[in-house]
Amino acid sequence: MKSIDKIPTGKLGRTTEMVKTGVKIGGNYLKYYSKKAFDKELSRDELDNDNAEDIYDGLKNLKGSALKVAQMLSMEKSLLPSAYVEKFSLAQFSVPPLSAPLVRKTFKKYNGEYPEELFDTFDSNSINAASIGQVHQATKDGKKLAVKIQYPGVAESISSDLAMVKPIATRMFNLQGSDSDKYFKEVEGKLIEETDYILEVKQSKHISQKCAQIEGLRFPKYYEDLSSEKIITMDWMQGQHLSEFTKTDFKKEEGDKIGQALWDFYMYQMHELKAVHADPHPGNFLVDKDKNLIAIDFGCIKEVPEEFYTPYFELAVPENINNRKFFLTKLSELEILRPDDSDKEIDFFSELFYEMLSLFTSPFHNETFDFSNEEFWNKISALSEKYSKDTELRKMNGNRGSKHFLYINRTFFGLYNLLHDLKAEIKVNNFKKYLK
């Protein structure tokens, strides 16, 4: 993949790139409607493919928050057309890397020394490039290391990048009024945290130490003396990316083993630590030769406050969902129902969330759950399709739910997708043996 020598870091340069992308998209629509005039049966597949490619091409050169949002959207497989999911998913671990000269310049700026002055060996060609940083291989004192370097200008451009994508997200999710700002502030806050590599090292060490007891799970060691605000140094971990592993002809017991480790890892964090790795995409996990799961990135950690945790998991219990008075009370606590809702809105949204929660919490209702069950996935797809076409929903204010839903729902949806890719059958309560 061709490397890049420069990233636009100023607001003007980044806006110019987005405008160029907008012009390309306008041309794609013009081409589509010209063809549509002669072929009424023409599908939107070609338009979706062209738009997805042009948007991704623009974002991959910008890197940073705009590309990170695309990565987040790639996990919403039921929300976006498949062309966007496929193209945006490349942001997880496959984008053009910085060139070797720019790597050395960036490293010196952040660390005061060139990489070859700090390490015994340093490969200036990136092994892995993602939305916020890229990874290089190095050695020191006989240890093989992974060195993550943050792209220049990423932290400084978060606010302006989000301002560019805000109008699109507002229309996509039907957000209305100033109340929608709480969701954008939540995303902005998390993205700012992800650019603080000192915080990431601290979070990485904390969670890996707390979760070290979980069977089938491994973590790298982190080196604070070789890390800084924009650079992280950790052990080099040998393994396949989870997305690569799931494309192989793996055995059922292997998928079950990895899936159980993944499930126990997330449930332990959620219920014991009340803080969770909220970026469960395949680029953040490796599988080693012994089929252990390796977690390698802790930039996005979401704390789960008690006032959200309690009602959220109370609604995972079938008898609670089926007690209408209790159910409505919890929907209010979770800010799904609003004090100014009409009777019509209460009925509409309580029915909608009853249907959604009954389905999404079903893995918790039995001792075991098989994520390869296509009936479960077909129901999720059908529900998504139903509400994406619901004209009544479009008329109503989409500002529904606590800001904490953004990353908690993203976590569960990402987790479910990974388990589905692994075709894993898991023991739901297995994680409890690790609790205090």
Side-chain angles (χ1 to χ4, degrees), residues 68 92-93 103 106-107 109-124 126-151 154-155 190-242 261-262 264-266 268-269 272-273 275-288 290 292-303 434:
K68 186 71 179 182
Q92 293 169 1
F93 50 84
V103 167
T106 302
F107 195 98
K109 177 184 175 184
Y110 290 156
N111 218 58
E113 296 177 90
Y114 287 113
E116 62 269 21
E117 296 174 318
L118 189 61
F119 300 101
D120 296 336
T121 65
F122 181 86
D123 187 348
S124 57
S126 165
I127 301 296
N128 224 333
S131 53
I132 288 177
Q134 65 184 44
V135 177
H136 295 257
Q137 198 173 87
T139 61
K140 189 174 179 68
D141 301 330
K143 290 179 181 174
K144 200 171 182 180
L145 304 170
V147 182
K148 184 162 73 169
I149 304 173
Q150 190 174 125
Y151 300 128
V154 166
K190 280 279 151 264
L191 289 172
I192 289 170
E193 286 181 11
E194 286 194 62
T195 62
D196 182 349
Y197 281 2
I198 292 174
L199 175 64
E200 181 172 341
V201 169
K202 182 181 176 183
Q203 291 175 158
S204 302
K205 292 181 72 173
H206 173 71
I207 292 184
S208 57
Q209 287 166 5
K210 293 290 185 182
C211 297
Q213 60 183 316
I214 296 173
E215 296 168 22
L217 192 60
R218 294 177 59 211
F219 304 94
K221 180 181 177 182
Y222 293 83
Y223 299 92
E224 289 168 293
D225 58 326
L226 297 173
S227 302
S228 64
E229 193 177 343
K230 308 291 183 184
I231 294 170
I232 295 178
T233 303
M234 67 189 91
D235 284 335
W236 180 266
M237 305 300 283
Q238 199 67 41
Q240 272 184 306
H241 273 116
L242 189 55
L262 188 65
D264 290 347
F265 176 46
Y266 273 92
Y268 183 84
Q269 292 175 87
E272 180 68 22
L273 304 183
V276 66
H277 178 284
D279 199 6
H281 69 70
N284 284 339
F285 296 96
L286 301 175
V287 177
D288 72 11
D290 297 317
N292 294 307
L293 183 72
I294 307 170
I296 56 173
D297 190 301
F298 292 89
C300 184
I301 301 298
K302 171 62 184 171
E303 292 190 9
Y434 302 114

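- Checked against the 6.0 Å centroid threshold, His136 and Phe119 do not count as a close aromatic pair.
- For Glu224, the salt bridge (Lys or Arg N to Asp or Glu O under 4.0 Å) partners two or more places apart in sequence, or in a different chain, are Lys205.
- Using a 4.5 Å heavy-atom cutoff, the side chains of Val103 and Gln134 are in contact.
- Classified by interplanar angle (parallel below 30°, tilted 30° to 60°, perpendicular above 60°), the ring pair His277/Phe285 is tilted.
- Counting heavy atoms from C-beta outward, Gln150 and Ile132 have side chains that approach closer than 4.5 Å.
- When side chains are defined from C-beta on, Tyr151 does not count as touching Thr195, because their heavy atoms never get closer than 4.5 Å.
- Ring planes of Phe298 and Phe265: perpendicular class, angle over 60° (limits at 30 and 60°).
- Residues passing the salt bridge (Lys or Arg N to Asp or Glu O under 4.0 Å) test with Lys148 are Glu200, Asp297, sequence neighbours excluded.
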Next item on the list: Step by step, work out the side chain to side chain contact (heavy atoms under 4.5 Å, CB included) result for Val287 and Ile294.
Entry: CA-CA 6 Å; Val287 177; Ile294 307 170; over 6 Å; no
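- Within the 4.5 Å cutoff, the side chain of Pro282 has no heavy atoms near those of the His241 side chain.
- Side chains of Tyr266 and Pro280 form a contact here, defined as non-hydrogen atoms less than 4.5 Å apart.
- Counting only heavy atoms from C-beta outward, the side chains of Cys211 and Tyr268 approach each other to under 4.5 Å.
- Taking the side chain as every heavy atom from C-beta outward, Ile301 and His206 never approach each other to under 4.5 Å.
- No side-chain heavy atom of Tyr223 sits less than 4.5 Å from a side-chain heavy atom of Lys140.
- Atom CD of Glu215 is separated from atom CG of Leu293 by 13.5 Å, given to the nearest 0.5 angstrom.
- A 6.0 Å sphere centred on CD of Glu116 holds more than 12 heavy atoms belonging to other residues, nucleotides or ligands.
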